[in-house]
Amino acid sequence: MNELSVIINEVSRHYNKVIALDKISVSIKKGEIFGFIGPDGAGKTSLFRILTTLLFPHTGYITIEGLDVVKDFKKIRNIIGYMPGSFSLYQDLSVEENLNFFASIFNTTPEQNYHLIKDIYQQIEPFKNRPAGKLSGGMKQKLALSCALIHKPEVLFLDEPTTGVDAVSRKEFWEMLKNLQNFGISIIVSTPYMDEASLCDRVALMEDGRIMEIESPQNIQAKYPYLIAAIRSNNMYDIISDLQEIPKATSAFRFGDNIHLSYKKGELHKDEIVNFLENKGHKNISFDMVEADIEDCFMELMNKN
Amino acid sequence: MNTILHILHKEFIQIFRNKTMLPIIFMLPIVQLLVLVYAATFEMKNINMVVVDQDLSSKSRALVAKFEASPFFKIQQNTFSVKEAESIIKSDKADFILNIPSGFELGVLKENTGNIQLLINAINGTTAGLTNVYATSVIADFNRELIIESINILPPAIQQVINVEYSFWYNARMNYKIYMLPGILVILVTLIGMFLTSLNLVREKEMGTIEQINVSPIKKYQFIIGKLFPFLCIALFELAFGLIIGKLVFNIPLVGSLPLLFLFAAVYLLVALGIGLLVSTLSSTQQQVMFVSFFVMLVFIMMSGIFTPTESMPDWAQKVNIINPVAYFMEVIRMILLKGSGFMDIWKSFVLLFIYAVGIISLAIWKYRKVA
C-alpha cells in the first residue's frame, strides 16, 4: 500500500498569462482513491490532461508507475485509463461496439479483462445493442468507465465523473470505485462535489491552481479548529448578514437549508447567539451543533487564503 | 496492422450507420451528372436578337431572313429605332442588335458596298465572341450570294484551291457532353472525398472522442490511415458509379485502360483527401473545415481547366497549377477515357501526384497533435 504510484513534483502550466497550475506537488500511493477537490476553474482538468499525457507541463515533472509523462508518454498510454469529464465515446456506435473498439485499440478483448468490468458492465448489458448516444446519463457513465477499464490499467483517471449524474447513480458509481480498489488499481478522481471527498482515501483541496491541503478526509475534518452551529430562522434572507455581524464568529455561510456559523470553542455560546438573533427580529430560531465536514473545511481554507 | 483494421472496422460501421451519408453517396453522382452535364455546355442556340431594319428593302429583308433561318438566332423583336433596341438589350431581353441603316440596298447596288452594324452584349465574353462568329458567318454567306448575284457568274475558282476538310479527333461529333462528363466526375470524387474526410476527423474533435483516441497507444499514422482509407474506397466507388452512369446515359467512350484510370485516381485521391485531413487537423470545428475546404476546392476546380483549357490561362496561372492536383486529374481522366492514353503518356503526372500525396499526408500526420 505504501509504494507510490504517481509523483507530481512542482508542476506548473499556464495559458498565455493565466496560470492554471502553480507548482503543484502530490504523491499518490498505489491502490489509493485520491481525490482532487475544488471549484470549477481550480485547475483540475489541466492537471488531469497533463497526467494523461495530453498536455505538457511547463515546469516540474510527473512520473506514473515510474514513467515520465513527457519522455515515456507512449508507455504511459498503455497503463492508464482515462475518463474525460464530457462523455466522449462514439454516440453512433452501440454499447458493445464501443467496448470492443476500445479493447481492440489496446490490443486486448473484452473477454480478457471481463472480471474487472463485470459488475459494471452487467448493468448495461441488456442495452448492449443500443447506440451509446441514446443511453441515460448514468448508463453512459458506466459504459465510459467500462471502456476506460477494459485494458486493465494500473492507474485510472476520472475527471469529474459524476458531474450531471443523479444522486443514486453517483452513489452507485462510488461503490464501483471502491470495488475496483480491490484489484489494486490506483484511482485518481476530480470532483467539484465536496460530499464525494469523504469517500476518497486522501484528498487534495485545490483552488486557483494551487493545492491548499493534502490529507485524508477524516484528518481534514479532525483538524478543523472551530465549532459549527447549523442555524435556521423565519427570515433566512437576512440571517446571513446578521450573523456575520457577530464579532467573535469566524465565518457564516449558507450550507444547504441552514446557515453554518463557525466560532472558536468557548468564545460564543448558544444563548448568546440566539439572543443576538432575537434582538435582530428573527423568530422560530433553530440551533444545532454539527460536525464539520469537508465543505466547511474547504470554506475555512479558502477564507484563510 | 491489427490496430488499423480495428479503426477501419469502426469507421465503416459509422459510415454505413449514418442515415444521411448513404443517400449522399448515391444521389450526389446521379444528380450532378444528369444535371450538370446537360447544363454546363458551350453550345449556343437561340441567341435573342433585335432587328432594326431602317432600309426595308428586298436586300435587307433577305439578310434578316438569313438570320431567321439560322438555328442560332431567334428574332425577339423588330423595331425602327436603335434607341428602342438598346433599351431591349438593357432590359436583358436580347443580346444582339442587327442594325441595317436606310440606303443599304442602294449602296450595295450602286457602289458595291453596304454598311450594317452589329451591337453585341458583351457582359459574358464567351457568349459575345460566339455571337460575333455566328453572325459574321451568316453575313459572309449572304455576302457571297450577293457577289454571285451581282456578277451573275459563279465565284472565282481561286476560292476553292485550298479545300479545308475538318475531322475532330477523339470526339468526332464535337459532342460537348463527352468532354464535360469526365470533368464533372473529377469534381464529384473530389467533393465526396475531401469533404467527407475533413468533416469526419473534425467531428471526432467536436464530440471529444479524439481525447479517448489520444490517450490510447494508437499511433498517429495508424489513425490517419484509418481515416483516409474508407473515404478513398468511397470516392473510388463514386468514380465507378459515375462511369457507369456516363456509359449508360451519355454513352461516353471508355477508350483507355480502366485499371490505369483507377490507379491514377487513387493516387490523386490521396492528395485530395490528404488536403482534407490537413485542413481538419488545423481546424477545431466543422464550420471552419467547411469554409476552408470550400475555398480551396473552388480555386482548384476553377483553375483546373474543367471549362477552359489550362494552356490558354496566363503564364502565372499555369505555374500555380503545378500545385493544383485537380488540374492533373482533369487532364489525365480525359486523356485516358477519350484518347486511350497509356501509362507512358501520363507517367509524369503520375509521379508528380505521387510525390505530392506522400508530402501532403506526411504533413497531415505531422500536424496532427496528440499532445498540446
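Lettering of chains follows the sequences in order, A, B, ..., and the numbering in each one begins at 1. The model shown is predicted, which means the values in this text are computed figures rather than measured ones.
- Other residues, nucleotides and ligands contribute only 12 or fewer heavy atoms inside 6.0 Å of the NZ atom of A/Lys23.
- Under a cut-off of 6.0 angstrom, the local environment of OH in A/Tyr114 is crowded, with over 12 non-hydrogen atoms contributed by other residues, nucleotides or ligands.
- Atom CZ of B/Phe12 is surrounded by more than 12 heavy atoms from other residues, nucleotides or ligands within 6.0 Å.
- When heavy atoms are compared at a cutoff of 4.5 Å, A/Ser104 approaches chain B by way of both its backbone and its side chain.
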*asked:* Between A/Tyr90 and B/Gln212, does the side-chain hydrogen bond (donor to acceptor under 3.5 Å, both in side chains) criterion hold? Intermediate values first, please.
replied: CA-CA 10 Å; A/Tyr90 292 98; B/Gln212 290 283 9; over 6 Å; no
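- If you measure heavy-atom distances from A/Asn98 to chain B, you find no contacts under 4.5 Å at all.
- Shown here is A/Met176, whose CE atom has more than 12 heavy atoms of other residues, nucleotides or ligands within 6.0 Å.
- In this structure, the side chains of A/Leu93 and B/Arg17 come closer than 4.5 Å at one or more pairs of heavy atoms.
- You'll find the side chain of A/Asp92 stays beyond 4.5 Å of the side chain of B/Asn18, heavy atoms only.
- The nearest pair of heavy atoms linking A/Asn107 to B/Thr3 is OD1-OG1, 4.2 Å.
- The shortest heavy-atom contact between B/Pro217 and A/Asn78 is CG-OD1, 2.8 Å.
- Within residues 122-160 of chain A, no residue has any heavy atom less than 4.5 Å from a heavy atom of chain B.
- Listed options B/His9, B/Met207, B/His6 were ranked by heavy-atom pairs under 4.5 angstrom with chain A; first place goes to B/His6.
- A/Leu54 approaches B/Glu211 most closely through the heavy-atom pair CD1-OE2, 3.6 Å.
- Nearest heavy-atom pair, A/Phe101 versus B/Ile213, reported as atom, atom and distance to 0.1 Å: CE2-CD1, 3.9 Å.
- Atom CG of B/Asn2 and atom CD1 of A/Ile105 lie 13.0 Å apart (nearest 0.5 Å).
- Under a cut-off of 6.0 angstrom, the local environment of CD in B/Gln287 is sparse, with at most 12 non-hydrogen atoms contributed by other residues, nucleotides or ligands.
- Of the inter-residue distances, the one linking B/Ser216 atom OG with A/Tyr82 atom OH reads 13.0 Å to the nearest 0.5 angstrom.
- Closest of all the heavy-atom pairs between A/Ser88 and B/Gly208 is CB-O, 3.1 Å.
- Enclosure of atom CZ in B/Phe262 by more than 12 non-hydrogen atoms of other residues, nucleotides or ligands within 6.0 angstrom is indicated.
- Within 6.0 Å of CZ on B/Phe250 lie more than 12 heavy atoms contributed by other residues, nucleotides or ligands.
- Neither the backbone nor the side chain of B/Gln222 comes within less than 4.5 Å of any heavy atom of chain A.
- Within a 6.0 Å radius of NZ in A/Lys75, no more than 12 heavy atoms belonging to other residues, nucleotides or ligands are found.
- Panel note: side chain A/Arg77, backbone B/Ile218; no donor-acceptor pair is recorded below 3.5 Å.
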